[in-house]
Peer 1: 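Questions regarding the structure given below will be posed in turn.
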Amino acid sequence: MKNILVIKHGALGDVILAQSPFQAIRQHHPDAKITLLTTKPFAEFLEKSGLFDDVWVDDKPKPWNFKHLATFRKKLRSAEFDRVYDLQTSERTNSYFKLFPAGQKPEWCGYAKAGSHPHLSPLRTKIHTIERHIDQLSVIGLTDIPAADFAWAMTDISKFHLPPELALLVPGGSAHRPEKRWPAARFGELAGHLHSNELTPVLLGGPAEAEVIAEIRHLCPSALDLSSQTSFGDIASLGAQARLAIGNDTGPLHLIAAVGCPTVVLFSKASNPDMSRPRGPDVRVLREDNLADLPLQTVIEQLELKS
């Protein structure tokens, strides 16, 4: 195999969970040209991994945008891929199999039923993303799946002038699914508790979390606000340095856990941790149907701090 395509669109948590499969594919094809097809938010970050020779951004053309779709089809065909690893296995990426002409289709490891190596296990929708990837790759003969290594992602975070003892708080999550968010007031109380235990709370998030983070800082002025200031690499470096992290079921926590930070992740009934929890050497899950009902003391006990 000389020319390989790997497909992984996102979201962030899924991209982080795909790191081991990415490494396995490169390990299996050390001399091949490997192209990654991803989405814009992750292209620059994954390019730094050194696992891919080229990174393409998928603009996800609409089915009725015939001109755009024709351009994309031409690009796929002209690349002359020998094999495709579809790690997204979505309805969209399954449809990409059909963009290759009959008789000239590459080997296809994914969910496309007409592909050469379809992953059709009935368990694929019932197991964690990591195990699903491992099972999928075994269909095509890849069984050596290394542990995820994010050493390449680290950045210099001295620009933030942080104290040595940090606790990361990730209060974000789906804005349209408030039951997936532990209340800002509880995060604020927790931040105060961390401060009393000589840990500096560091708040992470984006513009969508501005109001939540402002409320937390109102309750705990000593908390440091790094929202909208961190790259994915910065988040990885913060995770590697921090004493602990706690947050809702959201992408950045996957990266923080993956680099080894002791992590407590909060799940509501809206998500199943057996399918999508962050993975790392020290990850603990707290689950409540509605996170508004999760007591502060329960979280403190998981963090093993003084009450």
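Numbering starts at 1 and runs along the sequence shown. Below, all heavy atoms of this structure are taken into account, side chains as well, without hydrogens, waters or symmetry copies. Here the structure is a predicted model, which means the values were calculated and not measured.
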Peer 1: Does atom NE2 (His195) have a neighbourhood of more than 12 heavy atoms from anything else shown, all under 6.0 Å?
Peer 2: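 For His195, atom NE2 is not crowded (no more than 12 foreign heavy atoms under 6.0 Å).
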
Peer 1: Treating Asp59 as the side-chain partner and Pro61 as the backbone partner, does any N or O pair qualify as donor plus acceptor under 3.5 Å?
Peer 2: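 Such a contact is absent between Asp59 side chain and Pro61 backbone.
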
Peer 1: Before we go on, tell me: are the rings of Trp56 and Tyr96 under 6.0 Å apart, centre to centre?
Peer 2: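 No - the distance between ring centres of Trp56 and Tyr96 does not fall below the 6.0 Å cut-off.
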
Peer 1: What's the spacing between Leu219 CG and Phe187 CZ if we round to 0.5 Å?
Peer 2: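 Going from CG on Leu219 over to CZ on Phe187, the span is 12.5 Å.
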
Peer 1: Do Gln136 side-chain atoms and Cys109 backbone N/O form a donor-acceptor pair below 3.5 Å?
Peer 2: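 Present.
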
Peer 1: If you group Ile, Leu, Val, Met, Phe, Trp and Tyr by side-chain heavy-atom gaps below 4.5 Å, do Leu46 and Val6 land in one group?
Peer 2: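 Linked within one cluster.
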
Peer 1: Decide, yes or no, whether a salt bridge links Arg26 with Asp53 under the criterion of side-chain N to carboxylate O below 4.0 Å.
Peer 2: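 Looking at Arg26 and Asp53, the cut-off is met.
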
Peer 1: With a cut-off of 6.0 Å (strictly less than), are more than 12 heavy atoms of other residues, nucleotides or ligands near NZ of Lys33?
Peer 2: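 Atom NZ in Lys33 is not packed in, count stays at 12 or less.
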
Peer 1: Could you tell me whether a side-chain N or O of Arg279 sits under 3.5 Å from a main-chain N or O of Ala258, the two making a donor and an acceptor?
Peer 2: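 No, Arg279 side chain to Ala258 backbone: no donor-acceptor pair under 3.5 Å.
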
Peer 1: Okay, side chain of Ser20, backbone of Ala148: is any donor-acceptor separation there less than 3.5 Å?
Peer 2: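 It does hold such a pair.
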
Peer 1: Same cluster or not: Ile140 versus Val84, using hydrophobic residues (I, L, V, M, F, W, Y) connected whenever any side-chain heavy atoms lie under 4.5 Å apart?
Peer 2: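 Each belongs to a different hydrophobic cluster.
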
Peer 1: Does Ala147 offer a backbone N or O that forms a donor-acceptor pair with the side chain of Gln23 under 3.5 Å?
Peer 2: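 Yes: the side chain of Gln23 pairs with the backbone of Ala147.
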
Peer 1: What's the separation between atom CZ in Arg77 and atom CZ in Phe100, rounded to the nearest 0.5 Å?
Peer 2: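 One gets 8.5 Å once the value is rounded to the nearest 0.5 Å.
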
Peer 1: With a 6.0 Å cut-off (strictly less than), is the heavy-atom count around NE2 of His218, excluding the residue itself, greater than 12?
Peer 2: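 Counting neighbours around NE2 of His218, 12 or fewer heavy atoms of other residues, nucleotides or ligands fall under 6.0 Å, so no.
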
Peer 1: For the hydrophobic clusters of this structure (ILVMFWY residues joined by side-chain heavy atoms under 4.5 Å, transitively), does one cluster hold both Phe45 and Leu253?
Peer 2: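 Yes, same cluster.
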
Peer 1: May I ask you to decide if Gly10's main-chain N or O and Gln88's side chain share a donor-acceptor pair within less than 3.5 Å?
Peer 2: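 Answer holds: yes.
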
Peer 1: Does the side chain of Asp86 come under 3.5 Å of the side chain of Thr89 through a donor N or O and an acceptor N or O?
Peer 2: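 Judged by distance alone, the side chains do not pair up.
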
Peer 1: Ser276 side chain to Pro273 main-chain N or O, any donor-acceptor pair under 3.5 Å?
Peer 2: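 No: the side chain of Ser276 does not pair with the backbone of Pro273.
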
Peer 1: Counting only heavy atoms not in Glu44, do more than 12 fall under 6.0 Å of its CD?
Peer 2: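 Not buried by this count: 12 neighbours or fewer within 6.0 Å.
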
Peer 1: Start with the C-alpha distance between Phe81 and Trp108, add both sets of side-chain angles, then the distance that settles ring pair (Phe, Tyr, Trp, His ring centres under 6.0 Å), and finish with yes or no.
Peer 2: CA-CA 10 Å; Phe81 293 116; Trp108 193 279; 9.6 Å; no

Peer 1: Without swapping roles, check the side chain of Gln241 against the backbone of Leu238 for a donor-acceptor pair under 3.5 Å.
Peer 2: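 Checking the backbone N and O of Leu238 against the side chain of Gln241, no donor-acceptor pair under 3.5 Å is found.
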
Peer 1: Would you say Ser121's side chain and Leu123's backbone share a donor-acceptor pair under 3.5 angstrom?
Peer 2: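 Confirmed, Ser121 side chain pairs with Leu123 backbone.
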
Peer 1: Could you walk me through whether Asp234 and Ser237 pass side chain to side chain donor-acceptor pair (under 3.5 Å), step by step?
Peer 2: CA-CA 5 Å; Asp234 293 337; Ser237 298; 5.6 Å; no

Peer 1: Is Lys180 salt-bridged to Asp249, cutoff N-O under 4.0 Å?
Peer 2: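 The answer is yes: the pair qualifies as a salt bridge.
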
Peer 1: Against the six-membered ring of Phe42, is Lys8 placed for a cation-pi contact (under 6.0 Å from the centre, within 45° of the normal)?
Peer 2: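 No; the conditions do not both hold, so Lys8 does not lie above the ring face of Phe42.
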
Peer 1: Within the 3.5 Å criterion, strictly below it, is a donor on Ser227 or Asp225 matched to an acceptor on the partner's side chain?
Peer 2: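 Yes, because at least one side-chain N or O of Ser227 sits under 3.5 Å from a partner of the opposite role on Asp225.
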
Peer 1: Please name all residues satisfying salt bridge (Lys or Arg N to Asp or Glu O under 4.0 Å) with Asp14, sequence neighbours left out, ordered by chain then number.
Peer 2: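 Salt bridge (Lys or Arg N to Asp or Glu O under 4.0 Å) check on Asp14 returns nothing, list empty.
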
Peer 1: Are Leu51 and Gln19 packed together at the side-chain level, in the sense that at least one heavy-atom pair is separated by less than 4.5 angstrom?
Peer 2: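 Yes - at least one pair of side-chain heavy atoms lies under 4.5 Å apart.
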
Peer 1: Measure the CG-CD1 distance between Leu36 and Ile25 for me, rounded to the nearest 0.5 Å.
Peer 2: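 Rounded to the nearest 0.5 Å, the CG-CD1 separation comes out at 9.5 Å.
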
Peer 1: Can you tell me how far CG of Asp274 sits from CG of Asn272, rounded to the nearest 0.5 angstrom?
Peer 2: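 If we round to the nearest 0.5 Å, Asn272:CG and Asp274:CG are 4.5 Å apart.
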
Peer 1: Decide whether Val170 and Leu12 are clustered together by the hydrophobic rule: side chain heavy atoms of Ile, Leu, Val, Met, Phe, Trp, Tyr closer than 4.5 Å, transitively.
Peer 2: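 Same cluster: Val170 reaches Leu12 through Ile, Leu, Val, Met, Phe, Trp or Tyr contacts under 4.5 Å.
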
Peer 1: Would you call Arg243-Glu198 a salt bridge at under 4.0 Å N-O?
Peer 2: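 The answer is no: the pair does not qualify as a salt bridge.
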
Peer 1: With sequence neighbours left out, write down each residue that passes side chain to side chain contact (heavy atoms under 4.5 Å, CB included) with Ala191, or none if nothing qualifies.
Peer 2: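 Residues passing side chain to side chain contact (heavy atoms under 4.5 Å, CB included) with Ala191: Leu169, Pro201, Ile216, Cys220.
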
Peer 1: Run the side chain to side chain contact (heavy atoms under 4.5 Å, CB included) test on Leu286 and Val265 for me, step by step, so that the C-alpha distance in whole Å, both residues' side-chain angles and the decisive distance to 0.1 Å come before the verdict.
Peer 2: CA-CA 6 Å; Leu286 286 176; Val265 57; over 6 Å; no

Peer 1: Side-chain donor-acceptor pair under 3.5 Å between Thr39 and Asp58, yes or no?
Peer 2: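 Looking only at side-chain atoms, Asp58 and Thr39 do not form any donor-acceptor pair under 3.5 Å.
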
Peer 1: With side chain to side chain contact (heavy atoms under 4.5 Å, CB included) as the criterion, how do Val299 and Ile246 come out once you've worked through the C-alpha distance, each side chain's angles and the decisive distance to 0.1 Å?
Peer 2: CA-CA 9 Å; Val299 176; Ile246 181 169; 2.8 Å; yes

Peer 1: Measuring only between side-chain heavy atoms, which start at C-beta, is Asn248 closer than 4.5 Å to Phe267?
Peer 2: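 No, every pair of side-chain atoms sits at 4.5 Å or beyond.
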
Peer 1: Between Asp135 and His119, does any side-chain donor sit less than 3.5 Å from a side-chain acceptor?
Peer 2: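 Yes, side-chain donor-acceptor contact under 3.5 Å.
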
Peer 1: Would you please indicate yes or no on a ring centroid separation below 6.0 angstrom for His28 and Tyr85?
Peer 2: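 No, the ring centres sit 6.0 Å or more apart.
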
Peer 1: Please determine whether side chain to side chain contact (heavy atoms under 4.5 Å, CB included) holds for the pair Val212 and Glu215, giving the CA-CA distance in whole Å, both sets of side-chain angles, and the decisive distance to 0.1 Å.
Peer 2: CA-CA 5 Å; Val212 170; Glu215 183 175 349; 5.9 Å; no

Peer 1: Can you tell me if His128 uses its side chain to pair, donor with acceptor, with the backbone of Arg277 under 3.5 Å?
Peer 2: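 Yes; at least one donor-acceptor contact below 3.5 Å.
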
Peer 1: Should the pair Arg124 and Tyr111 be classed as cation-pi, given the thresholds of under 6.0 Å to the six-membered ring centre and 45° from the axis?
Peer 2: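 Verdict for Tyr111: a cation-pi partner in Arg124.
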
Peer 1: Could you grab the distance from atom CD1 of Ile300 to atom NE2 of His193, nearest 0.5 Å is fine?
Peer 2: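 The NE2 atom of His193 is 4.0 Å from CD1 of Ile300, to the nearest 0.5 Å.
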
Peer 1: Give a yes or no on this: more than 12 heavy atoms of other residues, nucleotides or ligands lie within 6.0 Å of atom NZ of Lys67.
Peer 2: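 Not buried by this count: 12 neighbours or fewer within 6.0 Å.
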
Peer 1: First locate atom CG of Asp54, then atom CD1 of Ile4, and finally report the distance between them rounded to the nearest 0.5 Å.
Peer 2: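 Here the rounded value is 14.0 Å.
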
Peer 1: Checking side chain to side chain contact (heavy atoms under 4.5 Å, CB included) for the pair Thr263/Leu244: CA distance, chi angles, key distance, verdict?
Peer 2: CA-CA 6 Å; Thr263 300; Leu244 57 89; over 6 Å; no

Peer 1: Hydrogens and angles aside, do Asp144 and Gln27 bring a side-chain donor and acceptor to less than 3.5 Å of each other?
Peer 2: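 Note: Asp144 and Gln27 side chains meet the donor-acceptor criterion.
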
